[in-house]
Asker: 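Quick one: this structure, given as structure tokens, is what I'll be asking you about.
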There are 2 protein chains.
Amino acid sequence: METGRKRDGAALIALDWGTSSLRGFLMDSAGTVLEQRANAHGIQNLPQPGLPGFEQAFAGLCGDWLAGNPGVPVVAGGMVGSAQGWAEAPYVACPADTGTLAGQAIAVDSAAGVRILIAPGVTYAPPDAPPDILRGEEIQIAGVLADRPDWAHQACMVLPGTHSKWVQIEDGRMTRFATYMTGELFAVLTKHSILGRLMPADADIEARADADARDAAFADGVRAAQASGPGDLSHQIFAARTLGITRRMAPELLKDFLSGLLIGHEMVSGLTRMGAALGSGRPLLLIGDGMLCRRYVQGLALLGIEPTARLENTAPKGLFQFAIAAGLIAPPAGKDTHV
Amino acid sequence: METGRKRDGAALIALDWGTSSLRGFLMDSAGTVLEQRANAHGIQNLPQPGLPGFEQAFAGLCGDWLAGNPGVPVVAGGMVGSAQGWAEAPYVACPADTGTLAGQAIAVDSAAGVRILIAPGVTYAPPDAPPDILRGEEIQIAGVLADRPDWAHQACMVLPGTHSKWVQIEDGRMTRFATYMTGELFAVLTKHSILGRLMPADADIEARADADARDAAFADGVRAAQASGPGDLSHQIFAARTLGITRRMAPELLKDFLSGLLIGHEMVSGLTRMGAALGSGRPLLLIGDGMLCRRYVQGLALLGIEPTARLENTAPKGLFQFAIAAGLIAPPAGKDTHV
């Protein structure tokens, strides 16, 4: 029998359920996080395969919250709503706001009788190019926009990561976006290509290279990207080998150089693609992990751009907005929660 | 005791010794291949590690040739001359011709008392970008130019592969070149990235997709590359996922689409980079494996370009030219062998 864990004021259980991790937030009616937990039971790493795995991971993370706070609504976002998730919440088309997400959310009932409302991902289909997709970032974006009607009016959001997203916001809605496989390219090139052979292990890089030299190598990569023409990437990355072989760059700096090249290419393309959203001092917002965002700040500075703000983990606030839009909880008194 | 294998007229043993394979050619004084052999004892796959591995692989492939034709000179090119090879033959700088290669070759004496002359690789150090390197291709190029003074005068050579090379030839010399990691990018993305997840195994692709549909998917990739701007690659490759997920392209065609994108990016950049070498009907030569070269012909056609010629395995002829330039054998009577 699950031991209940009652929390006064608990109004929502929110799950940020990705590929490699599961994060849970117990929130009050003002959107304040009362408790949070995380484990490694992302959808690719469940305690057992298939539906029982989702049930078990959910009960394992939230069982005491559910038992102690019966009737509290549960929402979830991220890869849990993908075709490989608990239940598929198909992509909704741009333009999309939190209301669109709530309107096309998918409910799943757990074996224990608890209903979970899962947010859909978003797709953008330009007229002249293949469609693009995202899932999980729409929740983070909802969290950013909740308190900032000025940003909701017009902004460009950059979410660095395995698959970085550049998203244009207009009138509170995501109107278009582009994915860059920057983080995954960096991972496969350093782990599986010839470029990784000259690169020491991360611990050795930490021990042997000082921060200024690493920043300079990163900047070399960004500047090379800035000088690049169409199609140049697969040529330029070979320099992460030749600079090492010809001893023009220390082996412990090659990884930062490659990182600068890849992030630089993303920025050169993303800034062009989102150009219309970036004119006349409109906000450029960086959302994500601290160290990676630091690199993006550094890269943007080399291109003459300073982000308006850096924000970390806006998913809890976004899931709260999603629950309000779905009518599961009431908006906090005195706040305009429309995005 | 090695059994000798005498061949009348044997004048040279030539080794094309790469990373994953070792190829041997017994040639006469006119450069005709009398016998050829190959095995998997590339420098990354020797029968045992280190020097004894090189000795054993060499004796295993050529022992009977050496015993039957005592005194015949031996030359080698490819990764056998790299820092991980039998003996390092350092890179020579552009501009470089076969004479430059011979002048800076490195001799190694085998345990059996046979001397092997190893060709160096070539480096190109542009004033405004990192240096580039190649090793092995210089021998193939020497083979192409041997009989064609018209091509030696002025040409652009494209050698598709794991690391494709675009090489400018002027007055019989390699004057500059650029490497593209196209083949390796394709391999790591299909094997190790999320893009490979939607792609069936090659045998299933063969069984399910017809050649016309695959050509069309390849062409879609090339055209997307043609329309790309600086930095767009890491965005565009994500379409090899989104086209599959949104069911706009059959899974068995995604690999050809990705191939077209990567080869297209290489071509867009390579044609720009080698632009000066390609004006006014100057030759564009494709050198390499049949199937891959067919894709390059198809891609170039989409960009409005028809290669002047396609050539396969010119390494034996190139090693023969290298041996002549090194004074190990006499030029065939009545031929101008200078490149």
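Here is the naming used below: chain letters follow the sequence lines, and residue numbers restart at 1 for every chain. None of the values given here were measured: they were computed from a predicted structure.
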Asker: Looking at A:Ser228 and B:Pro230, what are the two nearest heavy atoms and their distance?
Answerer: O-CB, 3.8 Å
Asker: So for A:Arg197, is it side chain, backbone, both, or neither that comes closer than 4.5 Å to the heavy atoms of chain B?
Answerer: side chain
Asker: Which atoms of B:Ala225 come close to chain A, meaning under 4.5 Å heavy atom to heavy atom: side chain ones, backbone ones, both, or neither?
Answerer: neither
Asker: Minimum heavy-atom separation for B:Ser234 to A:Tyr180, with atom names?
Answerer: OG-CD2, 3.3 Å
Asker: Looking at A:Leu262, A:Leu195, A:Asp220, which one has more heavy-atom pairs under 4.5 Å with chain B than the rest?
Answerer: A:Leu195
Asker: So for A:Leu233, is it side chain, backbone, both, or neither that comes closer than 4.5 Å to the heavy atoms of chain B?
Answerer: side chain
Asker: So do B:Thr179 and A:Arg241 actually touch side chain to side chain, heavy atoms under 4.5 Å?
Answerer: no
Asker: Is chain A contacted by the side chain of B:Ile237, its backbone, both, or neither, given a heavy-atom distance below 4.5 Å?
Answerer: both
Asker: Would you mind reporting whether A:His235 and B:Arg273 have side-chain heavy atoms less than 4.5 Å apart?
Answerer: yes
Asker: Identify which of B:Thr182, B:Val268, B:Asp128, B:Asp132 forms the greatest number of heavy-atom pairs closer than 4.5 Å to chain A.
Answerer: B:Asp132
Asker: If you round to the nearest 0.5 Å, how far is NE2 of B:His163 from OG of A:Ser193?
Answerer: 7.0 Å
Asker: For the CZ atom of A:Phe238 and the CD atom of B:Glu184, what is their distance to the nearest 0.5 Å?
Answerer: 9.0 Å
Asker: So for B:Leu185, is it side chain, backbone, both, or neither that comes closer than 4.5 Å to the heavy atoms of chain A?
Answerer: side chain
Asker: B:Thr246 versus chain A, heavy atoms under 4.5 Å apart: side chain, backbone, both or neither?
Answerer: side chain
Asker: Which atom pair, heavy atoms only, marks the closest approach of B:Met181 to A:Ile194?
Answerer: CE-CG2, 4.0 Å
Asker: Donor-acceptor check, side chain of A:Thr242 to backbone of B:Pro131, threshold 3.5 angstrom: yes or no?
Answerer: yes
Asker: Nearest heavy-atom pair of A:Ala125 and B:Arg248: which atoms, and what distance?
Answerer: CB-NH2, 3.6 Å
Asker: In terms of the angle between their ring planes, are B:His192 and A:His192 parallel, tilted or perpendicular, with boundaries placed at 30° and 60°?
Answerer: parallel
Asker: Which one wins on heavy-atom pair count under 4.5 Å against chain A: B:Ala178, B:Ala227, B:Ala239?
Answerer: B:Ala178
Asker: Which answer fits B:Ile245, side chain, backbone, both or neither, if we ask what part of it has an atom under 4.5 Å from a heavy atom of chain A?
Answerer: side chain
